[in-house]
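Structure first, then comments.
Just so you know, ligand 1 is whichever comes first in the structure, and atom 1 is the first atom listed for that ligand.
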Amino acid sequence: MSLPPDYSAPADLLTGRNILITGAGDGIGRALAIACAEHGATTLLLGRTTAKLESVYDEIVDAGHPEPGLLPIDLAQLDAARINEVIDAVDTHYGALHGLVHNAALLGDRVPLSHYDTDTWHRLMQVNVNAVFLLTQALLPALERGNDASLIFTSSGVGQKPRAFWGAYAVSKYALEGFATLLADELENTSWTRSNIVNPGATRTSMRARAYPNEDPATLKTTSAVVPLFLYLLGPDSQGIHGQRFDA
Ligand code: NAP
């Protein structure tokens with residue numbers, strides 16, 4: 001599926017909504033966090049580099065948008081204590097979540113499986129898959145309290161068709177899509193929480209530059225170009241859309 005043609009997010013689309021975005025300090029997550037705040041949301045910025053999160057925080061606050069919450073967490077180190085901190089922060093300060101965007105990911109190595117570094121493999125699976133499960137499970141109650149909350153899983157072209165030399169990244173995105181599809185099936189008749197997959201496609205970020213070092217970034221769409229699809233799925237305009245896969 002794709003964004004409805006000519007869709008334009010209303011200025012107040014996300015007013016009163018609390019939206020947690022992982023990997024909010026850079027790339028697509030950064031652009032999305034700022035856009036959500038511009039559309040009225042209170043954002044919870046999760047990422048591993050505090051200075052990057054603070055820069056997003058400053059940009060949002062300086063523009064007069066709702067003050068974000070900061071969750072400086074390395075998803076590679078996500079354990080029960082950190083999970084409880086996230087649950088406490090959400091429950092105490094926000095009460096309910098209306099959106100959770102799983103966006104943070106590692107790229108890893110572009111080498112044949114026979115040469116793939118095993119530590120890198122485990123770290124990727126932890127960040128790109130296990131952390132997604134742990135955060136989703138922990139935050140489902142807060143999402144349920146949000147009524148019509150929206151979960152977005154950020155995948156990739158290799159999430160549907162793994163290709164040679166994409167290693168753990170491709171396998172992790174394949175697993176992510178499996179997780180998102182299974183969860184959507186479980187929530188289908190029991191919950192108002194919606195779950196959808198987004199493939200941003202080739203986008204001008206540092207991850208893309210690492211994956212394709214010889215590519216001219218100027219030929220790629222910017223992060224702002226993929227934001228409208230995420231906004232659409234996070235807001236009430238997409239009410240009832242559930243268990244779908246979107247290409248940006
Ligand atoms: P990016 O520029 O590398 O940004 C990724 C973000 O995730 C960064 O803020 C990074 O934090 C954060 N992150 C990475 N590891 C983390 C960890 N262990 N704990 C917490 N945060 C962590 O990548 P992007 O291109 O914006 O990608 C965003 C999403 O889109 C990813 O899921 C990616 O797979 C997907 N995607 C991107 C493209 C593309 O062409 N760009 C295409 C298809 C899919 P730091 O900045 O601190 O490292």
Residue, atom name and distance, where the atom is the protein heavy atom closest to [atom]:
{"atom": "atom 25 (O) of ligand 1", "result": "Thr205 OG1, 2.5 Å"}
{"atom": "atom 46 (O) of ligand 1", "result": "Lys52 NZ, 2.6 Å"}
{"atom": "atom 30 (O) of ligand 1", "result": "Thr154 CG2, 3.4 Å"}

If the contact criterion is a heavy-atom separation under 4.0 Å, does [X] count as touching ligand 1?
{"X": "Leu220", "answer": "no"}
{"X": "Lys173", "answer": "yes"}
{"X": "Gln126", "answer": "no"}

Could you tell me which atoms of ligand 1, counted from 1 in the order shown, lie closer than 4.0 angstrom to a heavy atom of [X]?
{"X": "Gly201", "answer": "38 (C), 39 (C), 40 (O), 42 (C)"}
{"X": "Gly27", "answer": "2 (O), 26 (O)"}
{"X": "Ala202", "answer": "40 (O)"}

Could you work out the complete set of other residues in the hydrophobic cluster of Trp192, with links drawn between I, L, V, M, F, W and Y side chains under 4.5 Å apart?
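Other cluster members: none.
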Through direct or indirect side-chain contacts below 4.5 angstrom among Ile, Leu, Val, Met, Phe, Trp and Tyr, which residues connect to Ile21?
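Ile21 clusters with Met1, Leu3, Tyr7, Leu13, Leu14, Ile19, Ile28, Leu32, Val101, Ile152, Val198, Val226, Val227, Leu229, Phe230, Leu231, Tyr232, Leu233, Leu234, Ile241, Phe246.
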Residue pair Thr136 / His102, side-chain donor-acceptor N/O under 3.5 Å
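There is such a pair (donor and acceptor under 3.5 Å, judged by atom type) between the side chains of Thr136 and His102.
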